Amino acid sequence: QISDERHRVYIERELSWELDQVGDHPLRGLPFRVVGGCNLYDDFIVLLENAGSYAYVHLVWKPAAPGFHRLDNERDVQRFVNEWGSGREP
């Protein structure tokens, strides 16, 4: 869940900073937009704007690579969110 536009921008800046700290990450250099969250500060769904796909990211809040799992389409996002909500490891 994204609480408001300021929260979305804050999370996008943190993700950009984390990506800048590592040399090789699948999201580095790709334009993205946070479109949803599994909680307020660590786990988010981003739209990969040029690819038309999505990704789950887990922020680590330190100079290290954020967790990442590509989701090809909205159906994959829904499946991921359902598994997350059921307590299963996605």
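Fair warning: this is a prediction, and the values are worked out from it, not measured in the lab. Numbering of residues begins at 1 and proceeds along the displayed sequence. FYI, side chains are in, hydrogens and waters are out, and symmetry mates aren't considered; it's all heavy atoms of this structure.
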- Under the side-chain hydrogen bond (donor to acceptor under 3.5 Å, both in side chains) rule, collect the residues that match up with Q78, sequence neighbours excluded.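 Once residues adjacent in sequence are excluded, the partners of Q78 under the side-chain hydrogen bond (donor to acceptor under 3.5 Å, both in side chains) criterion are N82.
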- Item | For S53, all residues meeting side-chain hydrogen bond (donor to acceptor under 3.5 Å, both in side chains), sequence neighbours excluded |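 In terms of side-chain hydrogen bond (donor to acceptor under 3.5 Å, both in side chains), with neighbours along the sequence ignored, S53 is linked to R70.
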- Query: Are any of the side-chain heavy atoms of L40 and I11 separated by less than 4.5 Å?
  - Reply: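 In short, these two side chains do not touch, never coming nearer than 4.5 Å.
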May I have the list of side-chain donor-acceptor pairs in residues 54-61 shorter than 3.5 Å, sequence neighbours left out?
residue: Y54; atom: OH; partner: E74; partner atom: OE2; Å: 3.3
residue: Y56; atom: OH; partner: D43; partner atom: OD1; Å: 2.5
residue: H58; atom: ND1; partner: D43; partner atom: OD1; Å: 2.6
residue: W61; atom: NE1; partner: Y41; partner atom: O; Å: 2.9
residue: W61; atom: NE1; partner: D42; partner atom: OD1; Å: 3.1

- Message: Could you measure the distance from the CG atom of L48 to the CG atom of D72? Nearest 0.5 Å is fine.
- Response: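 That separation rounds to 10.0 Å.
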- Message: Let me confirm one number: the CG-CZ distance from L15 to F44, rounded to the nearest 0.5 Å.
- Response: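 L15 CG to F44 CZ: 9.5 Å, rounded to 0.5 Å.
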- Message: Under the ring-ring contact (aromatic ring centres under 6.0 Å, His included) definition, can you give me all pairs with a residue in residues 14-40, not counting sequence neighbours?
- Response: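 Counting only pairs at least two positions apart or across chains, the ring-ring contact (aromatic ring centres under 6.0 Å, His included) contacts touching residues 14-40 are H25-F68.
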- Among all residues two or more places apart in sequence or in another chain, which pass the salt bridge (Lys or Arg N to Asp or Glu O under 4.0 Å) test with E12?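 Checked E12 against salt bridge (Lys or Arg N to Asp or Glu O under 4.0 Å); matches are R8.
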- Which residues share a side-chain contact (heavy atoms from CB on, under 4.5 Å) with D4, sequence neighbours left out: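 With sequence neighbours excluded, D4 shows a side-chain contact (heavy atoms from CB on, under 4.5 Å) to R6, H7, given in chain and number order.
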- Item | Within residues 13-28 or reaching into it, pairs that qualify as salt bridge (charged side-chain N to carboxylate O under 4.0 Å, His left out) - sequence neighbours excluded |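 Residue pairs passing salt bridge (charged side-chain N to carboxylate O under 4.0 Å, His left out), neighbours aside: none found.
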